[in-house]
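The next block holds one structure in the form of C-alpha coordinates; read it before the comments.
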Amino acid sequence: MESVVGKHYKDKSPILIEFMDGYIQKISPFSGKATSGILGPGFVDLQVNGFNGFDFNEEGLSPAKVVKLTKDLWKEGVTTYFPTLITNDKEKIHTSIKCIVKACEDSLIEDSIGGIHLEGPFLSKKDGPRGAHPKNYIQAPNWELFCQWQDTAQGRIKLITISPEWSESSKFIEKCVASGVKVAIGHTAATGEQITEAVKAGASMSTHLGNATHLSLPRHSNYIWDQLANERLWCSLIADGFHLPESILKVFLKVKKGQSLLVSDSTKFAGLPPGVYNSHIGGEIELTKGGRLQMRNAPKMLAGSAKTLRWCIEHLVRNELTSLENSLEMCTLKPAEVMELGTLGFERNKKADLILFEYSNGNLKILKTIKSGKVVYEDQQLDN
Ligand SMILES: [Zn+2]
(Lines give C-alpha, C1' and ligand atoms only; values in the text may rest on other atoms or scores of the structure.)
Protein backbone atom coordinates (compact mmCIF):
# COMPACT_ATOMS: atom_id res chain seq x y z
CA MET A 1 0.00 0.00 0.00
CA GLU A 2 1.28 3.46 -0.90
CA SER A 3 0.09 6.72 0.58
CA VAL A 4 0.16 10.50 0.43
CA VAL A 5 -0.59 13.08 3.11
CA GLY A 6 -2.02 16.57 2.65
CA LYS A 7 -4.95 18.83 3.39
CA HIS A 8 -8.32 17.96 1.86
CA TYR A 9 -9.07 20.47 -0.90
CA LYS A 10 -12.59 21.03 0.48
CA ASP A 11 -12.24 21.64 4.21
CA LYS A 12 -8.40 21.76 4.46
CA SER A 13 -8.39 19.07 7.15
CA PRO A 14 -5.27 16.84 7.20
CA ILE A 15 -5.90 13.54 5.43
CA LEU A 16 -4.09 10.37 4.49
CA ILE A 17 -4.89 8.79 1.13
CA GLU A 18 -3.87 5.17 0.74
CA PHE A 19 -3.79 3.54 -2.67
CA MET A 20 -2.89 0.21 -4.23
CA ASP A 21 -2.75 -1.12 -7.81
CA GLY A 22 -3.61 2.35 -9.08
CA TYR A 23 -6.80 2.81 -7.07
CA ILE A 24 -7.65 4.72 -3.90
CA GLN A 25 -8.25 2.29 -1.03
CA LYS A 26 -8.96 4.69 1.79
CA ILE A 27 -9.15 8.40 2.62
CA SER A 28 -8.87 8.99 6.37
CA PRO A 29 -8.16 11.83 8.84
CA PHE A 30 -4.46 12.26 9.53
CA SER A 31 -3.05 13.25 12.91
CA GLY A 32 0.70 13.04 12.27
CA LYS A 33 3.09 15.80 11.20
CA ALA A 34 1.22 18.68 9.56
CA THR A 35 1.83 19.31 5.88
CA SER A 36 1.27 22.49 3.93
CA GLY A 37 0.18 20.90 0.65
CA ILE A 38 -3.43 20.58 -0.45
CA LEU A 39 -4.60 17.27 -1.90
CA GLY A 40 -7.13 17.09 -4.70
CA PRO A 41 -8.04 15.09 -7.78
CA GLY A 42 -5.80 15.47 -10.84
CA PHE A 43 -6.83 17.89 -13.58
CA VAL A 44 -8.96 16.65 -16.48
CA ASP A 45 -8.59 18.85 -19.57
CA LEU A 46 -11.08 18.19 -22.38
CA GLN A 47 -9.32 20.48 -24.84
CA VAL A 48 -5.58 20.37 -25.41
CA ASN A 49 -4.31 21.28 -28.88
CA GLY A 50 -0.74 21.29 -27.76
CA PHE A 51 1.69 22.23 -25.03
CA ASN A 52 5.30 23.20 -24.52
CA GLY A 53 6.40 23.30 -28.15
CA PHE A 54 4.34 20.44 -29.61
CA ASP A 55 0.92 20.53 -31.24
CA PHE A 56 -1.31 17.59 -32.16
CA ASN A 57 -2.37 19.39 -35.35
CA GLU A 58 1.08 20.09 -36.65
CA GLU A 59 3.00 18.24 -39.33
CA GLY A 60 5.81 16.24 -37.87
CA LEU A 61 3.84 14.99 -34.87
CA SER A 62 5.26 11.68 -33.67
CA PRO A 63 4.32 9.17 -30.97
CA ALA A 64 7.42 10.30 -29.03
CA LYS A 65 6.11 13.88 -29.07
CA VAL A 66 2.73 12.71 -27.75
CA VAL A 67 4.56 10.95 -24.91
CA LYS A 68 6.65 14.04 -24.14
CA LEU A 69 3.57 16.26 -24.20
CA THR A 70 1.73 13.95 -21.80
CA LYS A 71 4.67 13.95 -19.39
CA ASP A 72 4.91 17.75 -19.55
CA LEU A 73 1.21 17.99 -18.72
CA TRP A 74 1.74 15.81 -15.63
CA LYS A 75 4.02 18.59 -14.34
CA GLU A 76 1.04 20.93 -14.66
CA GLY A 77 -1.14 18.59 -12.62
CA VAL A 78 -3.04 17.23 -15.64
CA THR A 79 -3.63 13.50 -15.17
CA THR A 80 -6.27 13.04 -17.88
CA TYR A 81 -6.60 15.01 -21.08
CA PHE A 82 -8.20 14.94 -24.51
CA PRO A 83 -5.79 15.64 -27.39
CA THR A 84 -7.80 17.99 -29.59
CA LEU A 85 -7.67 17.71 -33.37
CA ILE A 86 -9.06 20.66 -35.26
CA THR A 87 -10.37 21.03 -38.83
CA ASN A 88 -7.73 19.81 -41.23
CA ASP A 89 -7.06 17.74 -44.34
CA LYS A 90 -8.64 14.28 -43.94
CA GLU A 91 -5.34 12.40 -44.19
CA LYS A 92 -3.58 14.75 -41.78
CA ILE A 93 -6.24 14.00 -39.18
CA HIS A 94 -5.61 10.27 -39.76
CA THR A 95 -1.87 10.84 -39.29
CA SER A 96 -2.34 12.68 -36.00
CA ILE A 97 -4.71 9.99 -34.74
CA LYS A 98 -2.20 7.27 -35.63
CA CYS A 99 0.52 9.02 -33.59
CA ILE A 100 -1.80 9.23 -30.57
CA VAL A 101 -2.81 5.56 -30.90
CA LYS A 102 0.84 4.48 -31.14
CA ALA A 103 1.75 6.54 -28.06
CA CYS A 104 -0.99 4.69 -26.18
CA GLU A 105 1.08 1.49 -26.33
CA ASP A 106 2.58 2.82 -23.11
CA SER A 107 -0.11 2.04 -20.55
CA LEU A 108 0.46 5.15 -18.42
CA ILE A 109 0.11 7.35 -21.53
CA GLU A 110 -3.03 5.47 -22.55
CA ASP A 111 -4.38 5.99 -19.04
CA SER A 112 -3.70 9.72 -19.31
CA ILE A 113 -5.53 10.15 -22.60
CA GLY A 114 -9.23 10.12 -21.76
CA GLY A 115 -10.11 10.21 -25.43
CA ILE A 116 -9.59 12.27 -28.55
CA HIS A 117 -11.59 15.48 -28.94
CA LEU A 118 -12.39 16.07 -32.61
CA GLU A 119 -13.11 19.79 -32.96
CA GLY A 120 -14.14 19.99 -36.60
CA PRO A 121 -14.46 19.77 -39.51
CA PHE A 122 -18.27 19.81 -39.15
CA LEU A 123 -18.40 23.44 -38.01
CA SER A 124 -19.73 26.77 -39.24
CA LYS A 125 -18.13 28.24 -42.35
CA LYS A 126 -19.04 31.76 -41.27
CA ASP A 127 -16.26 34.16 -40.34
CA GLY A 128 -16.28 34.68 -36.60
CA PRO A 129 -17.89 31.40 -35.52
CA ARG A 130 -15.31 29.57 -37.61
CA GLY A 131 -12.46 31.07 -35.56
CA ALA A 132 -9.10 29.94 -36.92
CA HIS A 133 -10.43 26.71 -38.48
CA PRO A 134 -9.49 26.60 -42.21
CA LYS A 135 -12.62 27.22 -44.29
CA ASN A 136 -11.69 24.91 -47.17
CA TYR A 137 -11.90 21.79 -44.98
CA ILE A 138 -15.11 22.72 -43.15
CA GLN A 139 -18.03 20.56 -44.28
CA ALA A 140 -21.42 19.13 -43.36
CA PRO A 141 -21.50 16.30 -40.79
CA ASN A 142 -20.46 13.11 -42.55
CA TRP A 143 -20.94 9.88 -40.59
CA GLU A 144 -18.87 7.74 -42.99
CA LEU A 145 -15.93 10.08 -42.75
CA PHE A 146 -16.24 10.18 -38.97
CA CYS A 147 -16.27 6.36 -38.85
CA GLN A 148 -13.07 6.21 -40.88
CA TRP A 149 -11.32 8.42 -38.30
CA GLN A 150 -12.89 6.48 -35.46
CA ASP A 151 -11.56 3.22 -36.98
CA THR A 152 -8.05 4.63 -37.12
CA ALA A 153 -8.50 5.83 -33.53
CA GLN A 154 -9.62 2.33 -32.49
CA GLY A 155 -12.66 3.92 -30.86
CA ARG A 156 -10.70 6.59 -29.00
CA ILE A 157 -12.67 9.59 -30.31
CA LYS A 158 -14.90 10.27 -27.31
CA LEU A 159 -15.89 13.90 -27.91
CA ILE A 160 -16.78 15.82 -31.05
CA THR A 161 -17.60 19.49 -31.41
CA ILE A 162 -19.96 20.30 -34.26
CA SER A 163 -22.17 23.16 -35.38
CA PRO A 164 -25.82 22.11 -35.64
CA GLU A 165 -26.51 24.60 -38.42
CA TRP A 166 -26.17 21.80 -41.01
CA SER A 167 -29.35 19.92 -41.91
CA GLU A 168 -27.50 16.61 -41.40
CA SER A 169 -26.78 17.47 -37.75
CA SER A 170 -29.56 15.73 -35.82
CA LYS A 171 -29.05 12.33 -37.45
CA PHE A 172 -25.29 12.64 -37.06
CA ILE A 173 -25.58 13.57 -33.38
CA GLU A 174 -27.90 10.62 -32.72
CA LYS A 175 -25.41 8.21 -34.29
CA CYS A 176 -22.49 9.66 -32.32
CA VAL A 177 -24.33 9.45 -29.02
CA ALA A 178 -25.54 5.90 -29.76
CA SER A 179 -21.91 4.89 -30.36
CA GLY A 180 -20.78 6.38 -27.05
CA VAL A 181 -19.34 9.65 -28.39
CA LYS A 182 -20.31 12.87 -26.61
CA VAL A 183 -21.36 15.76 -28.83
CA ALA A 184 -20.65 19.39 -28.05
CA ILE A 185 -21.96 22.47 -29.84
CA GLY A 186 -19.31 24.97 -30.85
CA HIS A 187 -17.96 27.20 -33.62
CA THR A 188 -21.59 27.73 -34.50
CA ALA A 189 -24.00 30.25 -35.98
CA ALA A 190 -26.99 27.97 -35.38
CA THR A 191 -30.50 29.26 -34.79
CA GLY A 192 -32.39 28.67 -31.54
CA GLU A 193 -34.41 25.97 -33.23
CA GLN A 194 -31.30 24.18 -34.49
CA ILE A 195 -29.76 24.28 -31.02
CA THR A 196 -32.93 22.85 -29.48
CA GLU A 197 -32.97 20.08 -32.10
CA ALA A 198 -29.30 19.28 -31.47
CA VAL A 199 -29.94 18.92 -27.74
CA LYS A 200 -32.96 16.71 -28.42
CA ALA A 201 -30.70 14.55 -30.59
CA GLY A 202 -28.24 14.22 -27.71
CA ALA A 203 -25.78 17.13 -27.72
CA SER A 204 -24.75 17.71 -24.11
CA MET A 205 -22.19 20.50 -23.98
CA SER A 206 -21.21 23.88 -25.41
CA THR A 207 -17.55 24.11 -26.38
CA HIS A 208 -15.76 27.26 -25.11
CA LEU A 209 -19.04 29.18 -24.86
CA GLY A 210 -18.68 32.84 -25.79
CA ASN A 211 -15.65 32.33 -28.01
CA ALA A 212 -15.59 31.73 -31.76
CA THR A 213 -18.57 34.04 -32.34
CA HIS A 214 -19.46 37.01 -34.52
CA LEU A 215 -18.11 40.30 -33.17
CA SER A 216 -21.69 41.63 -33.02
CA LEU A 217 -24.85 39.64 -32.40
CA PRO A 218 -28.57 40.49 -32.43
CA ARG A 219 -29.35 41.50 -28.85
CA HIS A 220 -32.27 39.13 -28.28
CA SER A 221 -32.06 36.22 -30.63
CA ASN A 222 -28.59 34.72 -30.66
CA TYR A 223 -26.79 31.42 -30.14
CA ILE A 224 -25.16 32.44 -26.86
CA TRP A 225 -28.48 33.11 -25.11
CA ASP A 226 -29.96 29.97 -26.66
CA GLN A 227 -27.18 27.77 -25.30
CA LEU A 228 -27.16 29.49 -21.91
CA ALA A 229 -30.92 29.03 -21.59
CA ASN A 230 -30.84 25.32 -22.36
CA GLU A 231 -30.66 23.45 -19.04
CA ARG A 232 -29.44 20.27 -20.67
CA LEU A 233 -26.24 21.85 -21.98
CA TRP A 234 -23.07 21.93 -19.91
CA CYS A 235 -20.55 24.56 -20.91
CA SER A 236 -16.80 24.59 -21.19
CA LEU A 237 -15.06 27.89 -20.59
CA ILE A 238 -11.62 29.26 -21.34
CA ALA A 239 -11.02 31.24 -18.16
CA ASP A 240 -7.52 32.43 -18.96
CA GLY A 241 -8.40 36.11 -18.57
CA PHE A 242 -8.03 36.83 -22.28
CA HIS A 243 -10.84 34.86 -23.94
CA LEU A 244 -13.73 36.12 -21.81
CA PRO A 245 -14.04 39.24 -19.67
CA GLU A 246 -14.74 38.77 -15.96
CA SER A 247 -18.36 39.98 -16.18
CA ILE A 248 -19.20 37.32 -18.78
CA LEU A 249 -17.45 34.60 -16.80
CA LYS A 250 -19.43 35.69 -13.75
CA VAL A 251 -22.75 35.51 -15.58
CA PHE A 252 -21.95 32.18 -17.30
CA LEU A 253 -20.89 30.66 -13.98
CA LYS A 254 -24.12 31.77 -12.36
CA VAL A 255 -26.40 30.56 -15.12
CA LYS A 256 -24.52 27.28 -15.57
CA LYS A 257 -23.94 26.65 -11.89
CA GLY A 258 -22.89 23.04 -11.44
CA GLN A 259 -22.76 22.59 -15.22
CA SER A 260 -19.60 24.57 -16.00
CA LEU A 261 -16.15 23.22 -16.53
CA LEU A 262 -12.82 24.71 -17.50
CA VAL A 263 -10.75 23.82 -20.55
CA SER A 264 -7.35 25.24 -21.34
CA ASP A 265 -7.64 25.04 -25.16
CA SER A 266 -3.86 25.30 -24.91
CA THR A 267 -1.66 25.41 -27.98
CA LYS A 268 2.00 24.51 -28.40
CA PHE A 269 2.87 28.00 -27.17
CA ALA A 270 1.64 27.24 -23.65
CA GLY A 271 4.71 26.65 -21.53
CA LEU A 272 7.02 28.61 -23.85
CA PRO A 273 8.69 31.95 -22.99
CA PRO A 274 7.21 35.23 -24.31
CA GLY A 275 8.24 36.10 -27.87
CA VAL A 276 7.30 36.05 -31.54
CA TYR A 277 6.66 32.66 -33.11
CA ASN A 278 5.50 31.20 -36.41
CA SER A 279 2.22 29.38 -36.23
CA HIS A 280 1.00 26.46 -38.35
CA ILE A 281 -2.42 28.16 -38.46
CA GLY A 282 -0.76 30.94 -40.45
CA GLY A 283 1.30 34.01 -39.81
CA GLU A 284 3.40 35.32 -36.97
CA ILE A 285 1.99 35.30 -33.52
CA GLU A 286 3.15 36.95 -30.36
CA LEU A 287 3.09 35.60 -26.84
CA THR A 288 3.13 38.66 -24.59
CA LYS A 289 4.81 38.88 -21.19
CA GLY A 290 1.34 38.87 -19.64
CA GLY A 291 0.55 35.52 -21.28
CA ARG A 292 -1.74 36.72 -24.08
CA LEU A 293 -1.33 34.91 -27.40
CA GLN A 294 -2.20 37.24 -30.27
CA MET A 295 -1.73 37.73 -34.01
CA ARG A 296 1.36 39.88 -34.48
CA ASN A 297 -0.19 42.02 -37.21
CA ALA A 298 -3.59 42.25 -35.55
CA PRO A 299 -2.89 42.25 -31.80
CA LYS A 300 -6.59 42.53 -30.96
CA MET A 301 -7.10 39.05 -32.36
CA LEU A 302 -6.30 36.11 -30.12
CA ALA A 303 -4.32 33.25 -31.65
CA GLY A 304 -5.41 30.62 -29.15
CA SER A 305 -4.47 30.03 -25.56
CA ALA A 306 -1.03 29.82 -23.99
CA LYS A 307 -2.23 28.89 -20.53
CA THR A 308 -3.04 25.69 -18.69
CA LEU A 309 -5.82 24.91 -16.21
CA ARG A 310 -3.61 25.90 -13.27
CA TRP A 311 -3.58 29.49 -14.53
CA CYS A 312 -7.36 29.46 -15.20
CA ILE A 313 -8.00 28.49 -11.56
CA GLU A 314 -5.72 31.31 -10.41
CA HIS A 315 -7.62 33.76 -12.63
CA LEU A 316 -11.05 32.76 -11.29
CA VAL A 317 -9.99 32.80 -7.64
CA ARG A 318 -7.96 36.01 -7.89
CA ASN A 319 -10.94 37.81 -9.40
CA GLU A 320 -13.31 36.35 -6.81
CA LEU A 321 -15.40 34.72 -9.51
CA THR A 322 -15.55 31.47 -7.57
CA SER A 323 -13.76 29.62 -4.77
CA LEU A 324 -10.61 27.54 -5.05
CA GLU A 325 -12.67 24.45 -4.24
CA ASN A 326 -15.21 25.16 -6.99
CA SER A 327 -12.70 26.08 -9.64
CA LEU A 328 -10.71 22.96 -8.82
CA GLU A 329 -13.82 20.83 -9.28
CA MET A 330 -14.49 22.57 -12.61
CA CYS A 331 -11.10 21.23 -13.76
CA THR A 332 -11.46 17.76 -12.29
CA LEU A 333 -14.75 16.21 -11.14
CA LYS A 334 -16.96 18.26 -13.50
CA PRO A 335 -15.25 17.28 -16.77
CA ALA A 336 -15.13 13.69 -15.51
CA GLU A 337 -18.87 13.87 -14.83
CA VAL A 338 -19.84 15.31 -18.20
CA MET A 339 -17.69 12.74 -20.02
CA GLU A 340 -18.95 9.95 -17.72
CA LEU A 341 -15.42 8.91 -16.81
CA GLY A 342 -16.63 6.67 -14.01
CA THR A 343 -13.19 5.60 -12.79
CA LEU A 344 -12.26 9.17 -11.86
CA GLY A 345 -13.16 10.79 -8.56
CA PHE A 346 -11.82 11.72 -5.14
CA GLU A 347 -13.03 8.71 -3.18
CA ARG A 348 -12.47 5.05 -2.47
CA ASN A 349 -12.26 2.71 -5.49
CA LYS A 350 -11.55 5.58 -7.89
CA LYS A 351 -8.25 5.91 -9.74
CA ALA A 352 -5.40 7.30 -7.68
CA ASP A 353 -5.06 10.36 -9.92
CA LEU A 354 -4.05 12.99 -7.40
CA ILE A 355 -2.29 16.30 -7.09
CA LEU A 356 -0.60 17.81 -4.09
CA PHE A 357 -0.35 21.58 -4.48
CA GLU A 358 0.24 24.83 -2.72
CA TYR A 359 -1.95 27.90 -3.12
CA SER A 360 -0.54 31.18 -1.90
CA ASN A 361 -0.61 34.80 -3.05
CA GLY A 362 -2.81 33.88 -5.98
CA ASN A 363 -0.42 31.24 -7.25
CA LEU A 364 -1.11 27.56 -7.58
CA LYS A 365 2.03 25.46 -7.50
CA ILE A 366 2.01 21.73 -8.21
CA LEU A 367 4.14 19.87 -5.66
CA LYS A 368 3.39 16.32 -6.71
CA THR A 369 1.35 14.54 -9.39
CA ILE A 370 0.23 10.95 -8.96
CA LYS A 371 -1.18 9.15 -12.02
CA SER A 372 -2.81 5.74 -11.59
CA GLY A 373 -0.98 5.39 -8.27
CA LYS A 374 2.45 6.30 -9.68
CA VAL A 375 4.30 9.48 -8.75
CA VAL A 376 4.87 11.01 -12.19
CA TYR A 377 6.02 14.43 -11.04
CA GLU A 378 7.58 15.75 -7.88
CA ASP A 379 8.68 19.31 -7.25
CA GLN A 380 12.37 19.51 -6.36
CA GLN A 381 11.71 21.68 -3.33
CA LEU A 382 9.31 19.17 -1.81
CA ASP A 383 10.82 17.98 1.45
CA ASN A 384 8.23 15.53 2.71
ZN1 LIG B 1 -12.38 26.12 -30.78
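In listed order, ligands and their atoms are each counted from 1.
In terms of modelled atom types and a separation under 3.5 Å, the side chain of R130 and the main chain of S124 share no donor-acceptor contact.
The distance between the ring centers of F146 and W143 falls below 6.0 angstrom. Taking the six-membered ring wherever Trp is involved, the centroid distance between the rings of H133 and H187 falls below 6.0 Å.
The Zn ion (ligand 1) lies at the vertex of an angle of 100° between the NE2 atom of H187 and the NE2 atom of H208 (rounded to 10°).
Nearest heavy-atom pair, T332 versus V44, reported as atom, atom and distance to 0.1 Å: O-CG2, 3.7 Å.
Nearest N/O/S atom of E119 with respect to the Zn ion (ligand 1) is recorded as OE2.
Inclusion of D265 in the first shell of the Zn ion (ligand 1) is not supported: no N, O or S atom falls under 2.8 Å.
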